[in-house]
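Working notes, beginning with the structure itself.
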Number of protein chains: 2
Amino acid sequence: MRLTTKGRYAVTAMLDLALHPEQGPVSLSDISQRQGISLSYLEQLFSKLRRDALVKSVRGPGGGYQLGRPIDDIYVAQIMDAVNEVIDATGCKNKADCKNGVTCLTHYLWCDLSDQIHGFLSKISLGDLMRQNDAHNKVNKVTEPKVDDQLFMLQTNEMAG
Amino acid sequence: MRLTTKGRYAVTAMLDLALHPEQGPVSLSDISQRQGISLSYLEQLFSKLRRDALVKSVRGPGGGYQLGRPIDDIYVAQIMDAVNEVIDATGCKNKADCKNGVTCLTHYLWCDLSDQIHGFLSKISLGDLMRQNDAHNKVNKVTEPKVDDQLFMLQTNEMAG
DNA sequence: AGAATACCCGACTAAAATAATCAAGTAAAT
DNA sequence: ATTTACTTGATTATTTTAGTCGGGTATTCT
């Protein structure tokens, strides 16, 4: 899991789609103008988003892109994973001499953390983000992410597995 | 907030320090060997970590680095922030013609998400990570880090939802 | 049918960040 | 005094990001 500017562009573009629900498909040139992202770069990103079925494309005049699923079935982690290459976080996966030394303990701890972040972003949908903004405008307080619960949940999940 | 390989190196190095509590300072060359990070790159990272008082340095023979605070007072977000430059996530912060249109709504939603991630990582300390690993080992009796399981878990996470 | 729109795709280039290297210091311990 | 190891700055190489280019294909509209 990586949180890069590339992923930010992707999430931004997906949010742009989510904010234009049923006026037909949204063209990349529209997104390009509104969000200030180059058209060709958007094409690269949407190629990957489409590969993961996060968006559907409609060709021809009046065509463009639409979300591939309802906003509550699209999670931030999925968007990030679609556009970012998965990396080997340990750097020692294939080493024969990797025998639970200090090195691998740190790697393991890092993987733990990485899983926590991934699990966290796997629970935030586009719909969550948009509703949170609504709530924020009304009450100025948010109920969505339960951070402490997340921490404990991960522990129990791993123990079970 | 960015979650990059650079930040991963920093967290890894800090974990390495945390795992060597009171045998005196830990030299960067030790960390370099154990974690497979080049010495000079570690120097760059620790320059920033020191600037933020996350580590203390001891010069001379037998010198090295120690954590600047107890493990429960050092949070992952602080480490990330120390080594990563803060970026302007909106790209329109200073524009006078930015009047809360669709563009800025997406930017605002992104900032919201970014705050959530930051808040999440601001609650995970080095101590949390280490204790969680202890609990995991006790329950599963795992003595060797199971990298393949980690990867598998990540994949199923990606597929889920 | 033909023109216009907009997705699709691969290769290429430019810019930026990451990672590593080199060189020349300073502080402290033996 | 010598060695160790931090400290700093400059430089370079590599990778990633971002953008560009030039072609395509599917679709709609006239």
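Naming convention: chains lettered A, B, ... in sequence-line order (proteins, then strands); numbering from 1 in each chain.
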With the side chain of A:Gln44 defined as its heavy atoms from C-beta on, choose the nearest nucleotide among D:dA5, D:dT17, D:dA18. D:dA18
Would you say C:dC9 has OP1 or OP2 under 4.0 Å from some side-chain N or O of A:Arg51? no
Here the distance between atom C1' of C:dA19 and atom CD1 of B:Ile37, to the nearest Å, is 11 Å
Measure from NZ on B:Lys6 to C1' on C:dT18 and round the result to the nearest Å. 7 Å
Considering heavy-atom distances to DNA chain C, does A:Ser47 or B:Pro61 have its closest nucleotide positioned more toward the 5' end? A:Ser47
Does a side-chain N or O of B:Tyr9 approach OP1 or OP2 of C:dA20 to a distance below 4.0 Å, or not? no
Value in whole Å for how far the P atom of D:dC6 lies from CG of B:Leu28: 4 Å
Please determine whether a side-chain nitrogen or oxygen atom of A:Ser57 lies at a distance below 4.0 Å from atom OP1 or OP2 of C:dA6. no
Could you state the NZ-C1' distance from B:Lys48 to C:dA17, rounded to the nearest angstrom? 10 Å
Rounding to a whole Å, what distance do you find between B:Gln66:CD and D:dC6:P? 11 Å
Do we see a donor-acceptor contact under 3.5 Å between the side chains of B:Ser29 and B:Ser27? yes
Residue of the set A:Val83, A:Ile74, A:Asp81 for which side-chain contact (heavy atoms from CB on, under 4.5 Å) holds with A:Leu54: A:Ile74
Would you say D:dT4 has OP1 or OP2 under 4.0 Å from some side-chain N or O of B:Arg59? no
Nearest-Å distance, CD (A:Glu43) to P (C:dT5)? 16 Å
Nearest-Å distance for atom pair CG/C1', residues A:Asp30 and C:dC7: 14 Å
Toward the 5' end of DNA chain D, which comes first, A:Leu39 or B:Phe46, by nearest nucleotide? B:Phe46
Quick test of your reading of the model: are B:Glu85 and B:Lys48 salt-bridged, counting only N-O distances below 4.0 Å? yes
Without decimals, in angstroms, what is the distance between B:Met80 CE and C:dT18 C1'? 16 Å
With respect to the side chain of A:Ser27, which nucleotide from C:dA6, C:dA19, D:dC6 is positioned closest? C:dA6
Indicate the ring-plane relationship of A:Tyr41 and A:Tyr9, choosing parallel, tilted or perpendicular according to the 30° and 60° boundaries. perpendicular
Kindly work out whether a path of hydrophobic side-chain contacts (I/L/V/M/F/W/Y, heavy atoms less than 4.5 Å apart) joins B:Tyr75 to B:Met14. no
Ignoring backbone atoms, establish whether A:Arg2 has a side-chain N or O less than 4.0 Å from OP1 or OP2 of C:dT18. no
Let me know, please, whether A:Gly60 or A:Tyr41 comes out on the 5' side of the other along DNA chain D by nearest nucleotide. A:Tyr41
